[in-house]
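Below is one structure, written out as C-alpha coordinates; the observations come after it.
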Amino acid sequence: MLSPRKVRHRKVFKGKIRGTAQRGSSISFGEYALKATSSGKMTAQQIEAARIAINRKIKRGGKVWIRVFPDKPITKKPAETRMGKGKGNPEYWVAPIRPGKILYELSGVDEEMAVRALTLAGNKLPFGTKVISKKSTL
(Lines give C-alpha, C1' and ligand atoms only; values in the text may rest on other atoms or scores of the structure.)
Protein backbone atom coordinates (compact mmCIF):
# COMPACT_ATOMS: atom_id res chain seq x y z
CA MET A 1 0.00 0.00 0.00
CA LEU A 2 1.05 3.55 -0.62
CA SER A 3 1.85 5.71 2.41
CA PRO A 4 4.21 8.61 3.11
CA ARG A 5 7.64 7.84 4.57
CA LYS A 6 7.59 10.87 6.83
CA VAL A 7 4.88 13.39 7.77
CA ARG A 8 5.01 16.76 9.48
CA HIS A 9 1.91 16.06 11.61
CA ARG A 10 0.83 12.58 12.67
CA LYS A 11 -2.85 13.55 12.93
CA VAL A 12 -4.57 16.17 10.77
CA PHE A 13 -7.94 17.93 10.73
CA LYS A 14 -10.76 16.34 8.75
CA GLY A 15 -11.28 19.35 6.46
CA LYS A 16 -13.75 19.89 3.62
CA ILE A 17 -13.26 18.99 -0.05
CA ARG A 18 -14.60 22.08 -1.82
CA GLY A 19 -14.19 23.49 -5.31
CA THR A 20 -12.60 21.97 -8.38
CA ALA A 21 -9.07 20.73 -8.94
CA GLN A 22 -6.72 23.45 -10.16
CA ARG A 23 -3.55 21.36 -10.29
CA GLY A 24 -3.43 17.93 -11.88
CA SER A 25 -6.49 18.56 -14.04
CA SER A 26 -4.91 18.04 -17.48
CA ILE A 27 -3.29 15.06 -19.17
CA SER A 28 0.50 15.31 -18.81
CA PHE A 29 2.05 11.90 -19.52
CA GLY A 30 -0.25 9.49 -21.38
CA GLU A 31 -2.82 9.54 -24.20
CA TYR A 32 -5.89 8.51 -22.16
CA ALA A 33 -6.85 9.36 -18.59
CA LEU A 34 -9.39 8.70 -15.85
CA LYS A 35 -10.79 11.97 -14.51
CA ALA A 36 -12.87 12.48 -11.34
CA THR A 37 -16.29 14.08 -11.88
CA SER A 38 -17.21 14.38 -8.20
CA SER A 39 -15.35 14.80 -4.93
CA GLY A 40 -14.42 12.18 -2.38
CA LYS A 41 -11.60 10.39 -0.60
CA MET A 42 -9.53 7.72 -2.29
CA THR A 43 -7.86 5.25 0.06
CA ALA A 44 -4.52 3.58 -0.59
CA GLN A 45 -6.36 0.26 -1.04
CA GLN A 46 -8.65 1.76 -3.71
CA ILE A 47 -5.67 3.27 -5.57
CA GLU A 48 -4.02 -0.15 -5.62
CA ALA A 49 -7.22 -2.01 -6.62
CA ALA A 50 -7.79 0.31 -9.58
CA ARG A 51 -4.13 0.01 -10.64
CA ILE A 52 -4.34 -3.79 -10.59
CA ALA A 53 -7.59 -3.71 -12.61
CA ILE A 54 -5.93 -1.54 -15.30
CA ASN A 55 -2.80 -3.71 -15.47
CA ARG A 56 -4.80 -6.93 -15.74
CA LYS A 57 -6.94 -5.51 -18.54
CA ILE A 58 -4.07 -4.17 -20.65
CA LYS A 59 -1.92 -7.27 -19.92
CA ARG A 60 1.28 -5.23 -19.48
CA GLY A 61 0.80 -3.79 -22.97
CA GLY A 62 1.06 -0.09 -22.14
CA LYS A 63 2.34 2.29 -19.50
CA VAL A 64 0.28 3.45 -16.52
CA TRP A 65 0.85 6.61 -14.48
CA ILE A 66 -0.77 7.05 -11.05
CA ARG A 67 -1.40 10.76 -10.49
CA VAL A 68 -2.69 10.59 -6.89
CA PHE A 69 -0.89 9.82 -3.64
CA PRO A 70 -2.52 9.16 -0.22
CA ASP A 71 -0.90 11.66 2.12
CA LYS A 72 -3.69 12.36 4.61
CA PRO A 73 -4.04 10.11 7.69
CA ILE A 74 -7.51 9.02 8.83
CA THR A 75 -7.79 8.21 12.52
CA LYS A 76 -10.14 5.82 14.26
CA LYS A 77 -10.88 5.07 17.88
CA PRO A 78 -11.07 1.44 19.01
CA ALA A 79 -14.45 -0.31 19.19
CA GLU A 80 -16.38 -0.06 22.46
CA THR A 81 -14.42 2.97 23.67
CA ARG A 82 -16.12 5.67 25.72
CA MET A 83 -16.40 9.22 24.39
CA GLY A 84 -13.58 11.67 25.06
CA LYS A 85 -9.94 10.92 25.88
CA GLY A 86 -8.62 12.46 22.66
CA LYS A 87 -8.36 11.56 19.03
CA GLY A 88 -7.78 7.98 17.85
CA ASN A 89 -4.65 6.62 16.20
CA PRO A 90 -4.04 6.82 12.42
CA GLU A 91 -5.57 3.76 10.72
CA TYR A 92 -5.15 4.34 6.97
CA TRP A 93 -4.19 6.95 4.36
CA VAL A 94 -6.38 8.77 1.85
CA ALA A 95 -5.98 11.19 -1.05
CA PRO A 96 -8.64 13.94 -1.09
CA ILE A 97 -10.07 14.14 -4.64
CA ARG A 98 -11.75 17.21 -6.14
CA PRO A 99 -13.78 17.20 -9.38
CA GLY A 100 -11.52 17.50 -12.43
CA LYS A 101 -8.51 15.70 -10.92
CA ILE A 102 -6.69 13.25 -13.22
CA LEU A 103 -6.32 9.94 -11.34
CA TYR A 104 -4.64 7.58 -13.84
CA GLU A 105 -3.03 8.05 -17.23
CA LEU A 106 -2.44 5.37 -19.84
CA SER A 107 -0.53 5.10 -23.11
CA GLY A 108 0.74 2.43 -25.47
CA VAL A 109 -2.61 0.70 -26.04
CA ASP A 110 -5.44 1.24 -28.53
CA GLU A 111 -8.43 3.43 -27.68
CA GLU A 112 -10.94 0.63 -27.13
CA MET A 113 -8.65 -1.21 -24.68
CA ALA A 114 -7.81 2.02 -22.84
CA VAL A 115 -11.48 2.94 -22.41
CA ARG A 116 -12.33 -0.54 -21.12
CA ALA A 117 -9.40 -0.62 -18.69
CA LEU A 118 -10.04 2.86 -17.28
CA THR A 119 -13.81 2.25 -16.99
CA LEU A 120 -13.06 -0.92 -15.02
CA ALA A 121 -10.77 1.07 -12.72
CA GLY A 122 -13.44 3.76 -12.28
CA ASN A 123 -15.89 1.11 -11.06
CA LYS A 124 -13.58 0.41 -8.10
CA LEU A 125 -13.77 4.02 -6.86
CA PRO A 126 -16.34 5.62 -4.51
CA PHE A 127 -17.01 8.69 -6.68
CA GLY A 128 -17.90 9.48 -10.29
CA THR A 129 -15.25 9.27 -13.00
CA LYS A 130 -15.00 9.60 -16.77
CA VAL A 131 -12.46 8.54 -19.39
CA ILE A 132 -10.89 11.34 -21.41
CA SER A 133 -8.42 11.43 -24.29
CA LYS A 134 -5.65 13.84 -25.23
CA LYS A 135 -6.78 13.93 -28.87
CA SER A 136 -10.56 14.06 -28.58
CA THR A 137 -13.28 13.85 -25.95
CA LEU A 138 -14.56 10.31 -25.51
Side-chain angles (χ1 to χ4, degrees):
M1 286 321 136
L2 294 171
S3 67
R5 283 194 198 104
K6 188 176 169 185
V7 289
R8 187 173 292 169
H9 301 289
R10 199 167 68 91
K11 300 174 184 179
V12 299
F13 290 144
K14 191 177 285 192
K16 301 263 191 291
I17 304 172
R18 293 195 181 123
T20 57
Q22 302 302 313
R23 298 176 184 196
S25 57
S26 60
I27 299 176
S28 301
F29 305 105
E31 299 167 32
Y32 307 99
L34 187 67
K35 189 175 199 171
T37 56
S38 58
S39 62
K41 293 176 183 171
M42 196 170 174
T43 67
Q45 289 88 348
Q46 289 164 347
I47 294 170
E48 184 67 10
R51 183 194 67 81
I52 289 168
I54 292 170
N55 283 338
R56 282 188 180 154
K57 195 68 180 173
I58 64 172
K59 296 188 176 106
R60 299 188 309 276
K63 175 124 176 69
V64 180
W65 288 269
I66 303 171
R67 297 282 306 273
V68 291
F69 187 80
D71 57 355
K72 185 174 186 176
I74 300 296
T75 61
K76 191 174 177 191
K77 294 195 70 149
E80 300 178 9
T81 304
R82 291 188 178 184
M83 298 296 282
K85 294 186 176 47
K87 194 170 183 177
N89 293 323
E91 287 290 317
Y92 57 97
W93 297 86
V94 299
I97 305 295
R98 290 189 173 98
K101 175 83 173 162
I102 300 291
L103 308 171
Y104 296 92
E105 290 188 30
L106 188 57
S107 70
V109 293
D110 61 324
E111 185 174 330
E112 184 187 338
M113 180 70 80
V115 170
R116 277 203 256 136
L118 291 171
T119 305
L120 200 61
N123 291 338
K124 307 266 182 218
L125 305 177
F127 45 81
T129 57
K130 68 177 180 179
V131 179
I132 61 168
S133 169
K134 201 173 217 178
K135 297 171 190 158
S136 63
T137 55
L138 296 172

Quick check: do [X] and [Y] have side-chain heavy atoms less than 4.5 Å from each other?
X	Y	answer
D71	P96	yes
S28	R67	yes
R51	E48	yes
I74	K41	yes
E31	K135	yes

Determine whether a donor-acceptor pair (N or O, by modelled atom type, separation under 3.5 Å) exists between the side chain of [X] and the backbone of [Y].
X	Y	value
R60	N55	no
K11	G88	yes
T37	K130	no
E105	I27	no
K72	K14	yes
K77	M83	no

Joint cluster assignment, [X] & [Y], ILVMFWY side-chain distance < 4.5 Å:
X	Y	value
M113	Y104	yes
I97	L125	yes
L103	L2	yes
I54	V131	yes
Y32	V115	yes

Partners passing ring-ring contact (aromatic ring centres under 6.0 Å, His included) against F29 (at least two apart in sequence or in another chain): W65

Compare every heavy atom of [Y] with every heavy atom of [X], then report the nearest pair and how far apart it is.
X	Y	value
S25	K35	O-NZ, 3.6 Å
I17	S39	CG2-CB, 3.7 Å
S38	G128	OG-N, 2.9 Å
I47	P70	CD1-CD, 3.7 Å
G61	V109	C-CG1, 4.1 Å
R10	P73	O-CG, 3.4 Å

Counting only heavy atoms from other residues, nucleotides and ligands, does the tally under 6.0 Å from NZ of K76 exceed 12? no

Count the heavy atoms of every other residue, nucleotide or ligand shown that sit under 6.0 Å from CZ of F127, and state whether that count exceeds 12. yes

Test Q46 against K124 for side chain to side chain contact (heavy atoms under 4.5 Å, CB included), laying out the working first. CA-CA 7 Å; Q46 289 164 347; K124 307 266 182 218; over 6 Å; no

Working for side chain to side chain contact (heavy atoms under 4.5 Å, CB included), residues T129 and L118: CA-CA 9 Å; T129 57; L118 291 171; over 6 Å; no

Can you tell me how far the CG atom of L120 sits from the CD1 atom of I52, to the nearest 0.5 Å? 12.0 Å

Run through the side-chain heavy atoms of Ile, Leu, Val, Met, Phe, Trp and Tyr, join any pair under 4.5 Å, and report what else lands in V12's cluster. none

Under the side-chain contact (heavy atoms from CB on, under 4.5 Å) test, which residues partner R116, sequence neighbours left out? K57, E112

